[in-house]
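What you are looking at is a predicted structure, and each value in this text was computed from that prediction instead of being measured.
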Amino acid sequence: MAVEPLALGVCSWSLQVKSIPELTKLLGRLGIDVVQIACGDPHHAAWDEGERLPEAARNAAFQMTGAMLGFPGEDYTTPQTIQKTGGFGNPATRTERLERLQWALERTRALGLSDLMLHAGFIPEPGNGDRKPFLETLGKVSTLAKEKKITIAFETGQETADLLRLTLDELRCPNLKVNFDPANMLLYDKGDPLRAVEILGPDIRSVHVKDANRPTTPGQWGEEVPLGQGQANIRQFVKALQKVGYRGALCIEREVGNQEERLRDAAHGIRYLRECLDE
């Protein structure tokens, strides 16, 4: 069954769940049945089901929009550490991460899904000597995904929308798209999320709905906050998505607090998004 346009969902890792029964229970508490699911990599939101995850998830009473991959060694302590360790940014780890990607593509297929989300890493600017090999790596990502009939959605935030637009246009790979997170644009201080929607609109494949404030000190993280309490302007963000013709799910992501606090904030986010959609 296809997920309804603009259906409200949540990211599984935001709920800090460890099993499919636990995820099902918490989705029930939230009153929703749509989820973007972590692949189950032991380095990012591992599942008690292990290799049995795909079968358990397919048989569960929820709908999945796509899978999310986190790479081993990614360090989000500071913006500087994730720039060094994120995605395919470090040439020394590209080969092993392409191998991990192949595992994730197989897992995505086993889950019965056709979309895989991940952070590409900090994209080098034009004129940077690493830009060509970085783009060649993303080209390999596209080729590997195409073989499995998977669409890759790169999460926003670690570069400006203009740089991501330029990169996608240069790559010309139809199966490389965008997983849009407005809060990340603010947390990394990489521009205006509403303008970014206009720039990336045709390629927005999926969305993490999250709110944040920009950093008060350059080089440090901004602050993630509950929906409607930050600078992402979520009401206008939803309208901007509708304006560019986005028809995918709106999956809430919350990465601050313990499980009960995240559940509370997700419940608030669902109520808030329903108000936005009713306007």
Side-chain angles (χ1 to χ4, degrees), residues 7-49 53 57 60-70 74-79 81-82 117 119 155-157 179-189 193 206-217 220-235 237-238 249-277:
L8 302 186
V10 68
C11 297
S12 68
W13 57 95
S14 291
L15 300 180
Q16 296 183 316
V17 292
K18 297 185 181 300
S19 72
I20 294 301
E22 185 184 15
L23 174 59
T24 302
K25 178 182 178 181
L26 294 189
L27 289 174
R29 286 179 61 182
L30 291 171
I32 58 174
D33 65 354
V34 173
V35 65
Q36 188 179 117
I37 194 164
C39 275
D41 187 301
H43 303 280
H44 176 248
W47 295 95
D48 290 345
E49 286 82 0
L53 170 70
F62 54 71
Q63 300 179 84
M64 297 176 284
T65 64
M68 182 78 188
L69 171 66
E74 289 185 318
D75 182 352
Y76 285 88
T77 304
T78 68
T81 58
I82 193 57
M117 296 73 173
H119 283 279
E155 187 154 349
T156 54
N179 182 70
F180 198 100
D181 185 326
N184 282 355
M185 307 290 297
L186 299 166
L187 292 168
Y188 288 93
D189 204 9
S206 53
V207 168
H208 286 169
V209 187
K210 191 166 71 188
D211 206 346
N213 293 315
R214 296 186 188 280
T216 56
T217 303
Q220 294 185 6
W221 286 121
E223 178 192 17
E224 185 186 335
V225 296
L227 292 191
Q229 298 180 20
Q231 298 169 340
N233 198 342
I234 297 296
R235 291 184 186 277
F237 172 64
V238 171
L250 301 173
C251 287
I252 294 168
E253 184 180 38
R254 185 68 168 133
E255 299 185 293
V256 173
N258 61 34
Q259 188 180 58
E260 280 300 316
E261 290 168 339
R262 291 172 182 228
L263 194 67
R264 176 201 65 201
D265 290 343
H268 158 77
I270 291 164
R271 292 191 298 270
Y272 187 81
L273 285 175
R274 283 181 177 147
E275 292 176 7
C276 294
L277 291 169

The test is side-chain contact (heavy atoms from CB on, under 4.5 Å); show your working for E253 and E155 and say whether it passes. CA-CA 12 Å; E253 184 180 38; E155 187 154 349; 3.9 Å; yes
request  = Assess whether side-chain contact (heavy atoms from CB on, under 4.5 Å) is satisfied between I37 and I20, documenting all intermediate values.
outcome  = CA-CA 10 Å; I37 194 164; I20 294 301; 4.2 Å; yes
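Using a 4.5 Å heavy-atom threshold, the side chains of S206 and M117 count as touching. With a 4.5 Å cut-off on side-chain heavy atoms, H208 and N184 do not count as touching. Proximity of Q220 to T78: side-chain heavy atoms (C-beta onward) are nowhere separated by under 4.5 Å. Contact of the I82 side chain with the H119 side chain is not registered, since no non-hydrogen atoms from C-beta on lie closer than 4.5 Å. Looking only at side-chain heavy atoms (C-beta outward), L263 and V10 stay at 4.5 Å or farther from each other. Counting only heavy atoms from C-beta outward, the side chains of P226 and R254 approach each other to under 4.5 Å. Between L8 and I252, every side-chain heavy-atom pair lies at or beyond the 4.5 Å cut-off. In this structure the side chain of S12 never reaches within 4.5 angstrom of the side chain of E22, judged on heavy atoms.
Atom CG of D181 is separated from atom CG of L186 by 9.0 Å, given to the nearest 0.5 angstrom. Taking CD from E223 and CG from D211, the interatomic distance works out to 10.0 Å, rounded to the nearest 0.5 Å. Separation of atoms CD1 (I32) and CG (L273) is listed at 10.0 Å; rounding is to 0.5 Å. Here Y272 contributes atom OH and I234 contributes atom CD1; the two are 7.0 Å apart, rounded to the nearest 0.5 Å. Atom CE of M64 is separated from atom SG of C251 by 12.0 Å, given to the nearest 0.5 angstrom. Between the CD atom in E255 and the CG atom in D265 there is a gap of 12.5 Å [rounded to 0.5 Å].
Listed here is the closest heavy atom pair of P21 and E49: CD-OE2, 3.3 Å. When all heavy atoms are compared, the tightest approach of W13 to R262 is O-NH1, 3.7 Å. Across every non-hydrogen atom of C39 and L53, the tightest pair is O-CD2, 3.4 Å. Across C276 and R235, no two heavy atoms sit closer than the pair SG-CG, 3.5 Å. The two residues D33 and A61 come nearest to each other via the heavy atoms CB-O, 4.1 Å.
Looking only at distances, a side-chain donor or acceptor of Q259 sits under 3.5 Å from a matching main-chain atom of L15. Side-chain atoms of T81 come within 3.5 Å of backbone N or O of D75 as a donor-acceptor pair.
Between W221 and Y76, the ring-plane angle classifies as parallel under the 30° and 60° cut-offs.
Residues passing the side-chain hydrogen bond (donor to acceptor under 3.5 Å, both in side chains) test with R214, sequence neighbours excluded: D189.
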